[in-house]
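Below, all heavy atoms of this structure are taken into account, side chains as well, without hydrogens, waters or symmetry copies. Just so it is clear, the structure is predicted and the values come from calculations on it, not from any experiment.
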Amino acid sequence: QWERLWFLILTSSFFLTLVWFYFWWEVHNDYNEINWFLYNRMGYWSDWSIPILVTTAAGFTYITVLLILALCHIAVGQQMNLHWLHKIGLVTTLITTVVTMSSIAQLWDDEWEMVFISLQATAPFLHIGALAAVTALSWLIAGQFARTEKATSQMLMFTAYLAVVVALYLVPLTISSPCIMEKKALGPKPAIIGHRGAPMLAPENTLMSFQKAVEQKTYGVQADVVLSYDGVPFLMHDKTLRRTTNVEEVFPERAYEHSSMFNWTDLEKLNAGEWFLQNDPFWTAGSLSRSDYLEAANQSVCKLADMLEVIKDNTSLILNFQDLPPAHPYYSTYINITLETILASGIRQQAVMWLPDTERQLVRQIAPGFQQTSGLKLDAERMREKGIVKLNLRYTKVTNEDVRDYAMANMSVNLYTVNEPWLYSILWCAGVQSVTSDSSHVLRKVPFPIWLMPPDEYHLIWITSDLISFIVIVGVFIFQKPAPDIPLLSCRWRLGSIRTYNPEQIMLSAAVRRSSRDVKIMKEKLIFSEINNGVETTDELSLCSENGY
């Protein structure tokens, strides 16, 4: 009973760690967001993504090895005999995985949507892998089936295995991926908008970052605008200056003040590039050239006017704003000041995507050419009423059906933040018009979706895989079936079941091959235990004796 319980715990731990490992591997797209989220919680920057990934991989590998060894023991008819150290390791891994998964679900439940999105890219291949694993297990299941004497146990075992196999055969009916489509139906490649410039190649929201984005020929850039205490629009994402400047060194007593409460003369004294080289948020600082490294180290806080001068000729712009504290002297007029700066730069009004909901009517009057963009998910009718022509949403907030509906209503959708080629490919197949990315230099080199499969080809692969699996499983069960008319095979099946329960057999298996009184006694005990278990004829007993017992 205890062995069965430990095997159940081991199996449960395997599937839980597998799910967690898959989750953490797939959220690689959002590692920087996760680190920023933890930074806001803990108050200091640290890269937690790689330690968590390494720990998860180690735990999954450990559980997998234990499970393989347990299955090997079962295959030869022995108990697991799990060492107490492994029991402690197993329980520790299980508890740690459950606690971590629960914490993510509570703190950032939106991230679990990534799992369902990733399955659109991986489900067809995961199905084939799972089918191969279950087919390989048929040898073990068939052996256990043959060794089991009770018909009820055999029926339960066979029914459970059959249910799993049939479920796997039918799983493709539930798989839906936008990349299962005809090649001629594929839409144009989504435009790429640099998130705060090109933050993998230079410090975010700095002049160098936007210059790099222009060099990468991105369709547009996204920037976060704040107004200084003396009325100068500048670029900063966080409410404070702690993460992306050296404010704690220059103005330690003001480190936790809102960034808008600094005069521009104070902001000019701050370094906005050294943090990028020290923290290396995307693990790209080491790949910079010597000149780029020195340039990044000397970046300062960037004015909105300077950024507009760099991008105004060929690049679109998504503008986001921070809310100012009520005590700010320009609290009620910062929209006007920002609009004046934008219009004075000479950038085409049609190239500006205006995101804030504040004072939209005023913005329409002053700059009627701006593309009114919403950061909230609205239906097409509501968007028309508000004069909104574009949506800017996180990629987890829309479905493939939403994208099609917006396209039919002549509304475009921009999704953020898309860094991985596989996610970019899925959104490309879904018909998304544009994405905001930290890795514009990577996505611009993606010439085609990672995989694109016509439905007929996918159905052929599905049916062929199921047929091969079915033939192999049937063959294994036929081959493993015991032959009751042959006494020698009958004796072997019985002895196989004895290995599971008989302590003398376990001791004998471990004994050194030499003539000793103890070994002879164990052999005699095995012969008598075989007689007690049902070997009644002299012929069967002599056959067993000829095999060394």
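- For Trp45, there are no ring-ring contact (aromatic ring centres under 6.0 Å, His included) partners two or more places apart in sequence or in a different chain.
- No donor-acceptor distance shorter than 3.5 angstrom exists from the side chain of Thr17 to the backbone of Gly59, with no hydrogens or angles considered.
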Under the side-chain contact (heavy atoms from CB on, under 4.5 Å) rule, what do Asn279 and Asn35 come out as? Steps first, then yes or no, please. CA-CA 11 Å; Asn279 296 337; Asn35 287 330; over 6 Å; no
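- Remark: Leu69 CG to Ile74 CD1 distance equals 11.5 Å, nearest 0.5 Å.
- Closest non-hydrogen pair, Gly273 versus Pro203, comes out as CA-CG, 3.7 Å.
- Inter-residue side-chain proximity for Trp275 and Glu204 is flagged as met; some heavy-atom pair is nearer than 4.5 Å.
- Screening Asn414, Thr417, Asn419 against Thr436 for a side-chain hydrogen bond (donor to acceptor under 3.5 Å, both in side chains) leaves a single residue, Asn414.
- Side chain of Asn271 to backbone of Glu274: a donor-acceptor contact under 3.5 angstrom is found.
- Asp438 has no carboxylate O lying under 4.0 Å from a charged side-chain N of Arg196, or vice versa, which leaves the two without a salt bridge.
- With salt bridges taken as basic N to acidic carboxylate O contacts below 4.0 Å, none links Asp402 and Lys397.
- Of the possible polar contacts, none joining the Ser439 side chain to the His441 backbone as a donor-acceptor pair under 3.5 Å is found.
- For residues 63-83, there are no salt bridge (Lys or Arg N to Asp or Glu O under 4.0 Å) pairs, not counting sequence neighbours.
- Aromatic ring orientation, Trp25 versus Phe21: tilted (interplanar angle from 30° to 60°).
- The backbone N or O of Lys150 sits nowhere less than 3.5 Å from a side-chain atom of Thr148 that would complete a donor-acceptor pair.
- Arg243 has no carboxylate O lying under 4.0 Å from a charged side-chain N of Glu248, or vice versa, which leaves the two without a salt bridge.
- Tyr424 places no side-chain N or O within donor-acceptor distance of the main-chain N or O of Ser437, the cut-off being under 3.5 Å.
- Within 6.0 Å of atom NZ in Lys377, more than 12 heavy atoms from other residues, nucleotides or ligands are found, so the atom counts as buried in its surroundings.
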Checking Val442 against Glu420 for the side-chain contact (heavy atoms from CB on, under 4.5 Å) test, could you report, in this order, the C-alpha distance in whole Å, the side-chain angles of both residues, the deciding distance, and whether it holds? CA-CA 8 Å; Val442 174; Glu420 292 297 310; over 6 Å; no
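- Panel note: side chain Thr96, backbone Thr93; no donor-acceptor pair is recorded below 3.5 Å.
- The shortest non-hydrogen separation linking Val418 to Leu443 is O-CD1, 3.3 Å.
- Using modelled atom types, no side-chain atom of Gln216 and backbone atom of Ser440 make a donor-acceptor pair closer than 3.5 Å.
- Here the side chain of Asn392 pairs no donor or acceptor atom with the backbone of Gly375 at under 3.5 angstrom.
- Partners of Leu277 under the side chain to side chain contact (heavy atoms under 4.5 Å, CB included) rule, at least two apart in sequence or in another chain, are Ala285, Leu288, Tyr293, Ala296, Ala297.
- The CG atom of Leu427 sits 8.0 Å away from the CG atom of Asn400 when rounded to the nearest 0.5 Å.
- Under the side chain to side chain donor-acceptor pair (under 3.5 Å) criterion, the residue pairs touching residues 455-465 are Trp462-Asp466, with sequence neighbours excluded.
- Partners of Glu249 by side chain to side chain contact (heavy atoms under 4.5 Å, CB included), not counting sequence neighbours, listed by chain and number: Asn246.
- Between Ser469 and Tyr169 there is a side-chain heavy-atom pair separated by less than 4.5 Å.
- Checked against the 6.0 Å centroid criterion, the rings of Trp48 and Tyr39 do not qualify as a close aromatic pair.
- How far CG of Leu415 is from OG1 of Thr396: 9.0 Å, rounded to the nearest 0.5 Å.
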Stepwise, does the side-chain contact (heavy atoms from CB on, under 4.5 Å) test hold for Cys179 with Ile426? CA-CA 7 Å; Cys179 288; Ile426 289 293; 4.1 Å; yes
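- Between the side chain of Thr159 and the main chain of Leu156, no donor-acceptor pair closer than 3.5 Å is present.
- Checked against side chain to side chain contact (heavy atoms under 4.5 Å, CB included), Leu8 has the following partners two or more places apart in sequence or in another chain: Ser12.
- Between Phe158 and Phe477, the two ring planes are perpendicular [angle over 60°; tilted spans 30° to 60°].
- Using a 4.5 Å heavy-atom cutoff, the side chains of Ser176 and Gln120 are not in contact.
- Of all non-hydrogen atoms in Leu452 and Pro454, the two that sit nearest each other are O-CD, 4.1 Å.
- Judged by distance alone, with hydrogens and angles left aside, the side-chain atoms of Trp451 form a donor-acceptor pair with the main-chain N or O of Ala121 at under 3.5 Å.
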Pair Met101-Val19, side-chain contact (heavy atoms from CB on, under 4.5 Å): steps then yes or no: CA-CA 10 Å; Met101 292 175 71; Val19 170; 4.0 Å; yes
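- Looking at every heavy atom in both residues, Lys212 comes nearest to Ala198 through CB-CB, 3.8 Å.
- The shortest side-chain heavy-atom distance between Ile473 and Tyr161 falls under the 4.5 Å cut-off.
- Trp112 and Trp20 have tilted rings, their planes meeting at an angle from 30° to 60° on a 0 to 90° scale.
- Here the CE-CG distance, from Met114 to Asn29, works out to 4.5 Å after rounding to the nearest 0.5 Å.
- Using a cutoff of 4.0 Å between basic side-chain nitrogens and carboxylate oxygens, Glu111 and Arg394 are scored as salt-bridged.
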